[in-house]
Amino acid sequence: MGHYISNLRDIEFALFDLLDRGSVLGKSIYSELDRETVMGMLEEVKRLSENDLAASFIEGDRLGVEFNATTGDIKVPPSFKKSYRSYIDGEWWRIDAPVEIGGTIIPASVRWAIAEMILGSNPSIHIYASGTAFAHVAYMLGNDQQKKMAKLMVDNDWGATMMLTEPDAGSDVGAGRAKAVVQSDGTWHVTGTKRFITSGDSDLNENIIHYVLARREGGGPGTKGLSLFLVPKLMFDFETGALGKRNGVYVTKVEHKMGLNVSATCEMNLGEKEPAVGYLLGDVHEGISQMFKIIEFARMMVGTKAIATLSTGYQHALAYAKTRIQGGDMKVMNDKASPRVPIINHPDVRRSLMVQKAYSEGMRALVLYTASIQDAVAMARADGGDKDKLDDLEALNDLLLPVVKGFGSEKSWTLLGTESLQTFGGSGFTQDWPLEQYVRDAKIDTLYEGTTAIQGLDFFFRKVVKDGGRALGLLGKEITAFAQSGGDLADEKNALLKALGDLNGIIGVLVGHAMASQEKSDEIYKVGLNTSRALMAVGDVITAWLLLRSAEISIAKSKVPGITEKESQFYLGKVASAKFFVLNYLPHITADRMIVESTDSAIMEISEQAF
């Protein structure tokens, strides 16, 4: 058994008790699934993740990748390749492929529950295997020839990359200089340099399709002038998939990173040695909107990866705290002859463990709640549901994505270091335990696919202001209805209602500054100083809501006659973590509101030399 410790019991609770996913199974596009089938899938992924996939996690980190600067080719360690093949040979890639080219339709909630265990055990496997998800985009948005390409990608396990970033164009994607020139045969020649390209090359796949953002010749400035091109590593026959000559896209450098070392992060050159031939996706110049189909998937993946890592980090910390004997009970700490006790008996260790439990389970619920909205979107589209209802669901999904990615990654990375690793004391700083690798591997989650600050800006300006507050209002109504429902946990529900009011106050102040900036431009700085704070606040409110819903369900289930002691303790833990979270974290939102209300532009007015 490898390093990974799953929490399938809590995944099952979130799916079927909290989110009632049993109500969508057997219906509409999910008519062939039932709970037993889904749990069978999850049990098999648990076995695969804790053994085959986890087996190469540590060696992949220690060995990294081997880069041949002459050929531009990259090799991964044999042990990692073996883990990757166990995933591919198990045909789990089918959950991302369109059914028309060999895919399997499952609810997004089940798909991301599966992904949690894969990402928690060996995230680079999921990342390298994303070619099928990219193929889905090519199939849905591509022309007839590109649909054939998508099928070849699926049938032959071709890899894929997302090429946005350039040396001088990071978050400012519209500043990209990569250029595309149309040829007489309808293909395009792409030139330029891309940086920080995940899975830029490897020996896992016989071919790789690069999804490249480039400015077409004559294209205007900014993001509107960018188009999306499919650029293969090797040219191929669209009918047979037979591989041909090398295309003009090469790795020129592999980044030496803090973590996630077996995932090749590359600098790539297009068109320097020979033409880099590309195909315009869908024959339309809609690069940014097309790329966002991939980015939305990537942001969901990043948030899930971060939360999965926190979950296994917590499981390790919990197990260690139960067995590590150190010091006497605090009640008799002056008695040097008192029995030594496991550190889980010490108050601050218990506090730390409960923080980890509350956030790992609460943010798992956040991921799967977001995925349940995606379930509803897919069913509404398939069944021709009410247009207004579908629009509401899509807006709610859009609202939640930066929360999953930004809040989920920031909280997970922070807690892995300050709480999970900390539980081990000095041992956590060594490679005797996987915690130090978890911390290193998780830091990237706050950075790629848009930093936390970018997620905060996206949340406020695109998902709240541009949306007119519609989706946030719908979510707020749902939370309010629960908070005012009475019954169990009345005090905690009142605290949730107050926190929601403070969150609305934060958003209201920021909207006011944004409106004022139309007359006085520097008012917008007050927004920029607080969008990350607002993102963290909304994440905590949603987490508290989902934890309290879970606790209410657990109270009811704990009263059912004949439940086992193990189940009783599980439900007790759900109630305890919800109460702890409300008491210890919701008061911060009141303080955040006071900070936002008193924010001025003082730090924007001082000189750079003063820093």
Side-chain angles (χ1 to χ4, degrees), residues 10 13-14 17-20 347 350-351 353-366 368-370 372-373 396 399-400 403 407-408 411 415 459 464 469-512 530 533-559 570-598:
D10 195 59
F13 177 90
D17 295 319
L18 175 62
L19 300 172
D20 191 25
R350 288 207 163 204
R351 175 207 57 78
L353 292 171
M354 193 56 77
V355 172
Q356 296 171 63
K357 176 179 173 64
Y359 269 110
S360 63
E361 294 180 5
M363 293 194 300
R364 170 181 294 115
L366 165 64
L368 296 180
Y369 169 69
T370 303
S372 75
I373 302 300
L396 183 55
L399 178 84
L400 291 167
V403 185
F407 171 78
K411 288 294 183 181
L415 291 172
F459 173 80
V464 176
R470 176 181 57 159
L472 186 63
L474 291 170
L475 181 62
K477 286 180 181 178
E478 193 170 356
I479 295 173
T480 298
F482 171 79
Q484 294 178 336
S485 63
D488 295 313
L489 306 167
D491 290 343
E492 288 78 14
K493 289 179 180 179
N494 286 334
L496 174 62
L497 195 60
K498 182 181 187 323
L500 179 61
D502 287 328
L503 173 61
N504 287 333
I506 290 170
I507 298 298
V509 169
L510 298 185
V511 169
N530 286 296
R533 190 187 307 276
L535 182 68
M536 295 299 111
V538 75
D540 274 341
V541 168
I542 297 172
T543 298
W545 170 54
L546 294 171
L547 285 173
L548 285 173
R549 284 177 55 187
S550 298
E552 189 170 67
I553 293 166
S554 295
I555 289 171
K557 285 187 169 292
S558 67
K559 296 175 182 177
F570 174 81
Y571 295 132
L572 177 63
K574 302 297 283 185
V575 176
S577 62
K579 289 184 174 182
F580 176 88
F581 189 89
V582 168
L583 182 64
N584 287 272
Y585 287 92
L586 290 190
H588 290 295
I589 298 175
T590 301
D592 283 337
R593 179 179 183 175
M594 295 173 65
I595 293 169
V596 170
E597 289 174 342
S598 62

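All of these numbers come straight from a predicted model, not from anything done at the bench.
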Check: E361 and F13 side chains under 4.5 Å, non-hydrogen atoms
no
Looking only at non-hydrogen atoms, find the nearest pair between L503 and A537 and report the distance.
CD1-CB, 4.0 Å
Under the side-chain hydrogen bond (donor to acceptor under 3.5 Å, both in side chains) test, residues paired with R350 that sit two or more places apart:
none
Can you list everything that forms a side-chain hydrogen bond (donor to acceptor under 3.5 Å, both in side chains) with R549? Sequence neighbours excluded, please.
none
Identify the heavy atoms of A499 and I589 that sit nearest to each other, and give their distance.
O-CG2, 3.8 Å
Side chain to side chain donor-acceptor pair (under 3.5 Å): which pairs involve residues 576-589, sequence neighbours left out?
none
Test item: R351 and F580 side chains (from C-beta on) under 4.5 Å apart, heavy atoms:
yes
Could you give the side-chain donor-acceptor pairs of residues 551-559 under 3.5 Å, partners two or more places apart or in another chain?
{"from": "E552", "atom 1": "OE2", "to": "K493", "atom 2": "NZ", "distance (Å)": "2.5"}
{"from": "S554", "atom 1": "OG", "to": "S550", "atom 2": "O", "distance (Å)": "2.9"}
{"from": "S558", "atom 1": "OG", "to": "S554", "atom 2": "O", "distance (Å)": "3.3"}
{"from": "S558", "atom 1": "OG", "to": "I555", "atom 2": "O", "distance (Å)": "2.7"}

M354 versus A576, closest heavy-atom pair with distance:
CE-CB, 4.2 Å
N/O donor to acceptor pairs below 3.5 angstrom from side-chain atoms of residues 473-480, sequence neighbours left out:
{"from": "E478", "atom 1": "OE1", "to": "Y369", "atom 2": "OH", "distance (Å)": "3.3"}
{"from": "T480", "atom 1": "OG1", "to": "G476", "atom 2": "O", "distance (Å)": "2.8"}

Applying side chain to side chain donor-acceptor pair (under 3.5 Å) as the test, list every pair that has at least one member in residues 534-544; sequence neighbours left out.
Y359-D540
Could you grab the distance from atom CG of N494 to atom CD of Q484, nearest 0.5 Å is fine?
9.0 Å
Contact summary for L489 and L548, nearest pair of heavy atoms:
CD1-O, 3.8 Å
Tightest non-hydrogen contact, residues A544 and L496, listed as CB-CD1, 4.1 Å
Could you check if a side-chain atom of E492 sits within less than 4.5 angstrom of a side-chain atom of F581, using non-hydrogen atoms only?
no
Checking side-chain contact (heavy atoms from CB on, under 4.5 Å) for the pair D10/F570: CA distance, chi angles, key distance, verdict?
CA-CA 9 Å; D10 195 59; F570 174 81; 3.9 Å; yes
Yes or no on side-chain contact (heavy atoms from CB on, under 4.5 Å) for D502 and D592, after CA distance, side-chain angles and deciding distance?
CA-CA 8 Å; D502 287 328; D592 283 337; over 6 Å; no
Apply side-chain contact (heavy atoms from CB on, under 4.5 Å) to residues I507 and V538 and explain how you reach the verdict.
CA-CA 10 Å; I507 298 298; V538 75; over 6 Å; no
To check you understand the geometry: which heavy-atom pair defines the closest contact between M536 and K411, and what is its length?
SD-CE, 4.3 Å
Mind checking the CG-CG spacing from L546 to L368? Nearest 0.5 Å is all I need.
10.0 Å
D488 and V575, any side-chain heavy atoms less than 4.5 Å apart
no
Check step by step if side-chain contact (heavy atoms from CB on, under 4.5 Å) holds for N530 and I506.
CA-CA 9 Å; N530 286 296; I506 290 170; 6.0 Å; no
